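As the structure is a computational prediction, the values presented were derived from the model and not from experiment. Below, each value reflects all heavy atoms present in this structure, side chains not excepted, and no hydrogens, waters or symmetry copies.
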Amino acid sequence: MKILISAYSLDYTGVPVYTLTLYRELKELGHEVSVYSPGGGPLSGLMDTHTHFDKLAIPDVILAQANKCAEWMKGAFPGVPMIFLNHGVLPELEQPPRIPIDWYIAINEQSVDLLVRQHVEVAKIDIVRDFVDTDLYKPVNSLRESPRILFLSNYKKWKTYDVVEGAC
């Protein structure tokens with residue numbers, strides 16, 4: 001299957017690293033995968049990345065991340081089924097695009113709530129939680145018997161702190 005994924009940029013932050021992991025897994029499964037990223041970035045060289053549509057074959061399906069990318073890809077490939085992947089509720093790019101989308105993937109219940117508030121049918125939303133390549137992202141040194149924890153948050157609430165403290 002020819003799959004086109006988008007990522008607004010390909011730096012070392014969450015969605016770009018997610019994109020790289022998804023890209024590698026889909027390639028491993030035998031799919032032909034390309035990435036549209038108008039902003040590019042340091043992860044671009046690790047994938048078949050494009051900043052324009054002119055050299056891209058028509059995909060069988062589009063996995064759109066970032067509403068602007070979704071709109072641009074729908075304009076370039078109007079008849080191709082599109083899935084919009086929502087990674088959060090606050091960034092403007094994570095708001096659902098104002099174009100017809102065939103299916104939605106949310107990373108958690110909070111993302112589902114956002115999509116529903118934006119008039120997306122619940123029946124068109126699935127939750128696929130964030131994933132991490134544990135072969136790539138693993139400790140480089142052995143863990144201490146008594147680990148130290150650094151807890152940082154702009155949204156610190158004592159209830160959350162109690163959960164973190166209890167886990168420690």
Original post:
With sequence neighbours left out, what residues match E28 under salt bridge (Lys or Arg N to Asp or Glu O under 4.0 Å)?
Top reply: none
Subject >> Side chain to side chain, I5 and L26, heavy atoms closer than 4.5 Å >> reply: yes
Quiz: residues 110-118 side-chain donor-acceptor pairs under 3.5 angstrom, not counting sequence neighbours:
{"from": "S111", "atom 1": "OG", "to": "N86", "atom 2": "OD1", "distance (Å)": "2.8"}
{"from": "S111", "atom 1": "OG", "to": "N108", "atom 2": "OD1", "distance (Å)": "3.2"}
{"from": "Q118", "atom 1": "OE1", "to": "R98", "atom 2": "NH1", "distance (Å)": "3.4"}
{"from": "Q118", "atom 1": "OE1", "to": "R98", "atom 2": "NH2", "distance (Å)": "2.7"}

**OP:** Sequence neighbours left out, what pairs pass salt bridge (charged side-chain N to carboxylate O under 4.0 Å, His left out) with at least one residue falling in residues 122-134?
**Re:** E109-R129
Original post:
Taking the side chain from E32 and the backbone from M1, do they hold a donor-acceptor pair closer than 3.5 Å?
Top reply: no
**OP:** With sequence neighbours excluded, tell me which residues meet side chain to side chain contact (heavy atoms under 4.5 Å, CB included) with T49.
**Re:** L10, V35, S37, S44, M47
Original post:
Between atom OH of Y104 and atom CD1 of I125, what is the distance when rounded to the nearest 0.5 Å?
Top reply: 8.0 Å
Original post:
Which atom names give the shortest non-hydrogen contact between L22 and L63, and what distance separates them?
Top reply: CD2-CD1, 4.1 Å
Original post:
If you link I, L, V, M, F, W and Y whenever their side-chain heavy atoms are under 4.5 Å apart, who else ends up in the same group as L29?
Top reply: none
Original post:
Are I127 and V132 joined in one hydrophobic group, where the rule is that I, L, V, M, F, W and Y side chains link up if heavy atoms are under 4.5 Å apart?
Top reply: no
**OP:** Indicate if V122 and I101 have the same hydrophobic cluster label, given that clusters are the connected sets of ILVMFWY residues with side-chain heavy-atom separations under 4.5 angstrom.
**Re:** yes
Original post:
Going through the distances and angles, do L136 and R24 end up as a side chain to side chain contact (heavy atoms under 4.5 Å, CB included)?
Top reply: CA-CA 12 Å; L136 182 61; R24 287 177 170 165; 3.4 Å; yes
Original post:
Hydrophobic cluster mates of V140, side-chain heavy atoms under 4.5 angstrom, ILVMFWY only, any path?
Top reply: none
Under 3.5 Å donor-acceptor pairs involving side-chain atoms of residues 66-77, not counting sequence neighbours:
{"from": "N67", "atom 1": "ND2", "to": "E92", "atom 2": "O", "distance (Å)": "2.8"}
{"from": "N67", "atom 1": "ND2", "to": "Q95", "atom 2": "O", "distance (Å)": "3.0"}
{"from": "K74", "atom 1": "NZ", "to": "V80", "atom 2": "O", "distance (Å)": "3.4"}

**OP:** Would you check if L4 and L56 make a side-chain contact, meaning some heavy-atom pair closer than 4.5 Å?
**Re:** yes
Original post:
Which residues pass the side chain to side chain donor-acceptor pair (under 3.5 Å) test with S6, sequence neighbours left out?
Top reply: none
**OP:** Can you run down the ring pair (Phe, Tyr, Trp, His ring centres under 6.0 Å) pairs that involve residues 19-46, sequence neighbours left out, and say none if there aren't any?
**Re:** Y36-F53
Subject >> Joint hydrophobic cluster, V15 plus Y8, side-chain heavy atoms closer than 4.5 Å >> reply: no
Subject >> Residue pairs involving residues 43-65 (criterion salt bridge (charged side-chain N to carboxylate O under 4.0 Å, His left out); sequence neighbours excluded) >> reply: none
**OP:** Side-chain contact test, heavy atoms from C-beta onward, threshold under 4.5 Å: evaluate it for Y18 versus H87 and give yes or no.
**Re:** yes
Original post:
About how many Å separate CD1 of I107 and CZ of F131, when rounded to the nearest 0.5 Å?
Top reply: 10.5 Å
Original post:
Among all residues two or more places apart in sequence or in another chain, which pass the side chain to side chain contact (heavy atoms under 4.5 Å, CB included) test with T13?
Top reply: D11, P16
Original post:
Is there a side-chain contact between I83 and I105 (heavy atoms, below 4.5 Å)?
Top reply: yes
Original post:
Transitively linked via ILVMFWY side-chain contacts under 4.5 Å: V61 with F84?
Top reply: no
Subject >> Set of side chain to side chain donor-acceptor pair (under 3.5 Å) partners for T21, sequence neighbours left out >> reply: none
**OP:** Report, as yes or no, whether the 6.0 Å neighbourhood of atom CD1 on I58 holds more than 12 heavy atoms from other residues, nucleotides or ligands.
**Re:** no
